[in-house]
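What follows is one structure encoded as structure tokens, with my remarks underneath.
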Amino acid sequence: MLSRSSVLSRSSAVFGAVLVVLALAGPASAHVTIGPNTTAKGGSDVELTFRVPNEEAQADTTQLEVDFPTDKPITGVLPEPTPGWTVKVDNVTLATPIKTDDGTVTQVVQRITWSGGQLPPGQYQGFRVMLGSLPDNADSLTFKALQTYSNGDVVRWIDVQQPGQPEPDHPAPVLTLTAAAPDGASPSAPSSQVTATASAPSSSGATASAKTSDSTARGLGIAGIVIGVLGLAAGAFGITAARRKGAGTGTPE
């Protein structure tokens with residue numbers, strides 16, 4: 001028969017294991033992301049939302065700077081007004097002008113900066129833009145971003161994911177470009193990759209990203225582990241109580 005001290009010792013070990021699991025899991029880290037994160041090459045009038053989380057505990061996000069890829073230029077970029085924020089667009093002159101159906105383009109957007117607003121801790125903000133025309137000769141577009149906090153901290157979302165390597169701590173937002181749909185067909189992207197629809201994105205960002213789904217699944221898994229080990233501990237106490245009761249009444253074990 002297990003003694004009370006043995007049960008307590010085993011229960012302590014179980015709870016210690018739970019704490020180790022929770023510590024190793026840690027909180028899921030949110031990143032600056034793009035929604036949708038997949039669209040067709042050469043697309044036009046594509047709406048994107050840069051979703052920015054506040055990961056500080058006691059500081060507001062006060063500025064977001066997004067650099068656009070000028071080596072794979074995007075023509076006709078227009079930011080949507082974001083209440084409470086001021087937007088600034090910086091252009092750059094192309095070394096090789098781009099010929100379009102509307103004429104020759106000599107300048108494209110190099111950087112967009114949103115500032116003057118306040119994004120409190122534990123919240124996130126969506127910043128929307130419309131892209132007039134995407135390049136048709138690229139597989140992806142990287143948008144490096146700088147996030148500034150009211151305490152002076154600057155988080156640089158500029159790390160580029162390398163094939164076969166773990167995700168970097170501060171990955172730059174990436175828009176994946178897929179093959180253009182045949183004439184007369186609507187381009188589509190795999191549902192597992194798209195995190196928001198281009199036709200009806202929300203500036204407040206109500207749609208969860210794929211990373212959020214992963215975090216939820218991980219949280220549910222951890223909760224299952226906790227419930228399981230608590231059940232084992234409760235069972236151990238129950239067995240001990242039953243055996244003690246049997247011993248006290250003369251019932252054989």
Backbone N/O of Gly126 and side chain of Thr49: donor-acceptor pair under 3.5 Å: no

side-chain hydrogen bond (donor to acceptor under 3.5 Å, both in side chains), paired with Asp67, selected from Lys144, Gln110, Arg111: Arg111

Chi angles and distances behind the side chain to side chain contact (heavy atoms under 4.5 Å, CB included) call for Ser140, Val174: CA-CA 7 Å; Ser140 64; Val174 175; 4.0 Å; yes

Residue that, paired with Glu167, satisfies side-chain hydrogen bond (donor to acceptor under 3.5 Å, both in side chains) out of Gln161, Gln162, His31: His31

Spacing of CD belonging to Glu65 relative to OG belonging to Ser115, to within rounding of 0.5 Å: 10.5 Å

Parallel, tilted or perpendicular: ring planes of Phe50 versus Phe143, cut at 30 and 60 degrees: perpendicular

Closest non-hydrogen atom pair, His170 against Val155: CD2-CG1, 3.4 Å

N/O donor-acceptor pair under 3.5 Å between Asn54 side chain and Ala59 backbone: yes

ILVMFWY cluster, Val129 and Val66 together (side-chain gap under 4.5 Å): yes

Distance-minimising heavy-atom pair for Pro120 and Asp60: CA-OD1, 3.3 Å

Gln63 and Trp114: side chain donor to acceptor below 3.5 Å: no

Exercise: identify the closest heavy-atom pair between Leu134 and Ala40: CD1-O, 3.8 Å

Considering all heavy atoms, the nearest Pro135-Leu141 contact: CG-CD2, 4.0 Å

